[in-house]
Every structure is written in C-alpha cells, then in structure tokens.
J.: 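Shown below is the structure under consideration.
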Amino acid sequence: MLLNKNISAEYIKSLTTEQRRRLCTEIRAFLVRTVTETGGHLASNLGTVELMVALHSVFTTPEDKMVFDVGHQAYVHKLITGRAKKMNTLRSEGGISGFPRGDESEHDAFLGGHSSISISAALGIAEGMKLDGDDHSVVAVIGDGAFTGGEAYEGINNAGKTDCNLVVVLNENEMSISKNTGAFALYLAQIRSSQKYYHTKKSVKGILEKTPLVGKGIGKAAQKTKKVLRAALYNSNLFENLGFKYLGPIDGHNLEELTEALTVAKLMKRPCLVHVYTKKGKGYIPAESNSGEYHGIPPKNRITTDAECFNEHFGRTLRDIARGDDKICAVTAAMKYGTGLQYFAKEFPERFFDVGIAEQHAVTFCAGLAAQDKIPVFAVYSSFLQRSYDQLIHDCAIENRHIVLAVDRAGFVGEDGETHHGVFDIPMLTSVPNMTIYSPSDTRELELCLKKAIYDTDGIAAVRYPRGGELYQGGAAEYKDYNYFCTGKNKLIFTYGRITANALALKEYCDVLQAVKVFPIQREIIDICMKYNELFFFEESEKSGGISEKLAAQLVMNGYRGKITVTAPQGFMPQACVQRQLEKAHLDVEGMKKIVIGE
C-alpha cells in the first residue's frame, strides 16, 4: 500500500497521477478507520482528499504557506506533513489538534478554528513575505459556507488590489454544517451551470504543454498564461470584478484537473481564485448520504448517558412556546441542527431564519426584527457569539432592543479545544449595558429560564447552557433567581450552571448558593454571602471578568472581611474530554472538595 510508505509531500510529488489516485483511495479508508475511533470532522476531510494531494503536489510547505479556513478540513494536510503516525491521537489530550496550529508543525501557517478568516490571514502573510523579498506563494483554502461570513469579503476586497502571490481555493460543497443559504450559494450554482464559462481541463492542459519546467522561460510562460486565460473567460464575474483571476469551476475529485489549475495559479504570481466543487463525505456512503450527521462525530469510546441534551431540550421548548406566540422568530448562523432549531424550522419555516456563517449580521438582523415588535431568539455557540460584540452594544443595547441569545456550548466543549470553548461569553456579555444573563443547571431550569428571558426580561437576555447532557436533575417546579441550600455550615459555595451538580455533592461540608440569574448580581446573593466567614466561588468561565470577580468586588464594597477563594479557568484550556477539563480546572467534585476542606 502506498500509504504504508513514509508519506510526505516529497513522496507525493514523486508519484504518477495514477499512483496519486490510488493514494487518495487509501487515505479515505485511513480517515474512516481513524476518525471513527478518535472522533472528529469526517465528512469535510473525505471531501477534500484530492484537493489536499493536489495542493501538496504543486506547492511546497513550509516555504509556500497554506491557510485553512475552519481548519477541521486539514486532516489530510496533517497526514501529508509528517503526522500520519500521530493521527490516532487526534483531538485527544496531549495529541494532535483537530485544527492547524503553528505550535504543532511548521507546515501549519495559521490557526484555523473559526470561519471566514483565511483570506485575511493569507493576505497578511503574503504582504509580509513580499516585504521580506520572499517570492513563495500563499494559499487560502476556503469553503463556500465560509463565504457567507463578512470577513471573507473584506479579505478578498483588499486582496484583489494587490500584486501578492496569493491563491484562494474556493471549495464549493454546498454545505457548511447546515445547507448553505443566501445569494452567494445561488451565485455559485449559476457559475457551475453556465456554459459560457471557461472549461479548465482543456484550456489549462494546452497551456501547460507549452510551459517550460525550468529556467527563465517560466516568467514568460506565466505572462502568456495570463493572456490566454483572459481571452478564455467569456464573461466577467464577481471575483474578477474584485481584482482576481478566476479558474473554474473544476471537479475537485479530478486530480489531473486540480493539479493543472493549481500549477497555472501558482505561475500567475498575482491574486488568483481557483473554484473547485467537491462532495462532502466523498467515498464513504454513510457520510455522503448524511454529511451533516458526519460533519463531526464523537470518539468511539465516549461515555454516553440517557440524560437529555441541553440543545435538544432548548429546540423543542422554543418550538412549543412558539406554538402559542406568532411573534417569536428563531435565527441561526448555519447551525440549525447543531443548536436544536430543526424542530422550530420544520413547524414554523416562515419564522425561521438561517443567515449563514454571519453572526454579526444575525445580531443586527435580530435587532431589526425586535424593532418590528417581534421576539427574535438567536441560537449560537458561545465561541461564535464573540464575533458580535459591537452589534450587541451598538445595535441592541443602546436602544434597549429585546432580543434573546440562546448561548449554546457555554463552558468547556471537550476535544475541539481552545478555539471552541465557551468561557469568554460571561466577561464579554457582562460588559454590555442592558444585559441579563441566565445560566440553568439542568434542562428543566433551561425551560424556565427561556420563558423568563422571552417574556419577563427587558433588553438583551442571554440564556447560556453547556454542550451535551445535564449532570443532574434538580426538578425545579417554578423559576427562581437563585437556589440556596442551607444546613447551617460555616462555609459557602457560590456557583452556577452545570457544575452546580458537583457543588451539591459537597453539601455535607458546606452550604451551597446557586445563581440562576447570574447577571446582574442579585442583592439577595450579596446578603447571603455576607453571612459567611469563608466563601468558595466555582465558575466554568474565564476568571478575569467573570461573575466571581464581580461578586467579590461587590462584597468588598459592602464591607466584607472574610476569606474568598475563586476557582475558575484562566487562559486557554487544551483539548481533552470535558470531564478531564473540569478536573484540570478543579471544577469536578474531587477538585472542589480538596479546595473546600483544604486537603
């Protein structure tokens, strides 16, 4: 088997086209075996096997730079650049990351965990290389889903007016996580269906046959290439209007076409966009037929429980509330299934809005809905909400627009690691005026908090909840701002969210105060804390700017003189399972116990 060799970019360059095709088949089988064990993003990587092999056949890293947009599509790149033997550690504690990381390999030019960043980053790298007199190429690989994000347009708008050696590979697979929506998806479909556009294989092959492989002829050949391509294009398109040379659309599973087009793009020595189309999940029937389900899969040995997932309960609860209120609208940023909004979308399609990977737009769009007396609920992962800070302040808070943020994946998220943890929404949201934050500890409290946020809260209301299932069921019959478990101990734990379950396991050692409405901090919570000589704050949120820090400050301002111990993560938590992350942050039962009783 070719994959049994010491696979590398140099090795791939030495293969014939037929051998590379065989290698692609072997890589797919390897990905299926590996990722179904480790967990990870399977469908997107199966769809880009030929593209990655072609890229490494034409370009040479680390001299040439590759930037991957939402880098979960870069597994094959990792495999080719010396990490094949480590793929069994993918996304595990101490193993290789599910995303490109510069501190993991010199072949990873830029971190890629969030969407729509690649063109901006690649342009910055290219301009920096040009200043250093470095004539190597920079390649940005971006999907059509990521092109629904505004930063992609900002990047391409600026890149088109430069003379950098920048190649943008637009991978059109018609999917992000949810099916792509909007005018750009329709535009790409029009390009693919038009017979007026350049047919890459025939034209590029003729060019390459006349291109010298070495010597001074390359520069002249590149100039001829530009003229031929300019003549070959029948009509201008969006990318050309923005200053790019356009090649495509190209079958992203045809190695010969891919290699030819990428070679021409490299020779151009100016901004060029190579438009390829691929099938997500290619070569693995379950992933081809349901690429959304196989976008990200859990590790094979992950422990599962019968506990209901927070996002599933949120989705069904919102649908049920909306049955009696036609003012409620649901908004997602290309995450219908990831956030549980499929139930709402199926029953109320006219009130469901998928805006694509455009969180800034989503928040302002919600403000517009609120201006028309609608009640918009924006379901979004905590780490992606970070993009919308200005919109929350300017478009929502100043005029006190009532929108509801369903902040999914709050706290640690596990194997996706630093790029996806939801630990910064509390410091971010608490700095926004007219903000109210709820943090339920179980699915019943989530239901109660959602109703409270929709109907009994002015301004922006955020309901934050973690990934996965609940740790316990408190069985709350009605909404309360806080729950106080007092048995007369001289120590008090203050906490909120899912780790309340861990705190309640320590009731024999101390009293427990759980906030449900975590911000603004309630006067009653301050008064309760003032009664104790020793306070222990546990928080699954960034310590700096967190609720614990704010509560401690208010206590001191009220004359508190007792001892306060704050336990919360600081900085970035590496990838591992959620339980290990809680243990490392001392937010599991044993970690809390050692801190409370002083072991």
Side-chain angles (χ1 to χ4, degrees), residues 116 148-151 153-154 181-182 314 318 321-322 324-335 339 341 344 348 350-408 410 422 424-439 448-465 479 481 516-523 541 545-547 550 554:
S116 312
T148 62
E151 187 177 354
Y153 294 94
E154 295 173 12
T181 61
F314 156 77
L318 184 64
I321 297 172
D325 191 342
D326 60 10
K327 289 185 176 183
I328 293 176
C329 300
V331 179
T332 181
M335 298 293 291
T339 58
L341 285 180
F344 187 104
F348 307 107
E350 73 285 355
R351 289 190 270 149
F352 170 74
F353 303 94
D354 185 344
V355 302
I357 303 174
E359 291 81 8
Q360 301 98 316
H361 164 65
V363 169
T364 303
F365 175 72
C366 285
L369 286 172
Q372 291 303 113
D373 200 31
K374 305 303 179 188
I375 306 175
V377 180
F378 176 31
V380 58
Y381 288 7
S382 171
S383 62
F384 302 152
L385 180 63
Q386 294 164 182
R387 297 177 165 217
S388 306
Y389 186 63
D390 178 67
Q391 288 74 22
L392 288 169
I393 293 174
H394 183 273
D395 303 331
C396 300
I398 291 177
E399 293 192 315
N400 206 30
R401 300 292 185 194
H402 178 48
I403 73 168
V404 177
L405 303 174
V407 186
D408 197 349
F424 298 107
D425 58 279
I426 287 287
M428 180 181 79
L429 294 177
T430 54
S431 68
V432 178
N434 303 321
M435 176 69 68
T436 303
I437 305 173
Y438 301 92
S439 186
L448 296 170
C449 288
L450 185 58
K451 293 176 181 176
K452 186 77 172 176
I454 290 173
Y455 293 118
D456 298 320
T457 308
D458 294 328
I460 310 169
V463 182
R464 66 188 305 271
Y465 45 91
Y479 171 82
D481 283 344
V516 178
K517 181 181 180 179
V518 298
F519 189 81
I521 296 171
Q522 304 299 292
R523 179 69 223 185
S541 170
I547 298 297
K550 290 175 169 58
Q554 291 197 32

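Note that these values count all heavy atoms, side chains included, but never hydrogens, waters or copies made by symmetry.
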J.: Between the side chains of K452 and T457, is a donor N or O closer than 3.5 angstrom to an acceptor N or O?
T.: no
J.: Can you tell me if Y389 and S431 form a side-chain donor-acceptor pair at under 3.5 Å?
T.: yes
J.: Apply the test side chain to side chain donor-acceptor pair (under 3.5 Å) to residues T364 and D395: give CA-CA distance (whole Å), side-chain angles for both, the deciding distance (0.1 Å), then the verdict.
T.: CA-CA 6 Å; T364 303; D395 303 331; 2.5 Å; yes
J.: For the pair D425 and R464, find out whether any cationic side-chain nitrogen is under 4.0 Å from an anionic carboxylate oxygen.
T.: yes
J.: Start with the C-alpha gap between T339 and Y381, add the side-chain angles, then the distance that decides, and say whether side chain to side chain donor-acceptor pair (under 3.5 Å) holds.
T.: CA-CA 8 Å; T339 58; Y381 288 7; over 6 Å; no
J.: Can you tell if the side chain of Q360 reaches within under 4.5 Å of the side chain of D390, non-hydrogen atoms only?
T.: no
J.: Could you measure the distance from the CD1 atom of I403 to the CZ atom of F365? Nearest 0.5 Å is fine.
T.: 12.0 Å
J.: Can you give me the closest heavy-atom contact between I357 and A334, atom names plus distance?
T.: CG1-CB, 3.8 Å
J.: Is there a donor-acceptor contact under 3.5 Å from the side chain of Q386 to the main chain of S383?
T.: yes
J.: Walk me through it: do F348 and F352 pass the test ring-ring contact (aromatic ring centres under 6.0 Å, His included)?
T.: CA-CA 6 Å; F348 307 107; F352 170 74; over 10 Å; no
J.: State, with a plain yes or no, whether a side-chain heavy atom of V407 is found less than 4.5 Å away from one of I437.
T.: no
J.: Is it true that Y479 and D456 share a donor-acceptor pair across their side chains at a distance under 3.5 Å?
T.: no
J.: So with a 6.0 Å cut-off around CD of E350, is the heavy-atom count from everything else above 12?
T.: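 Atom CD in E350 is crowded, with more than 12 foreign heavy atoms closer than 6.0 Å.
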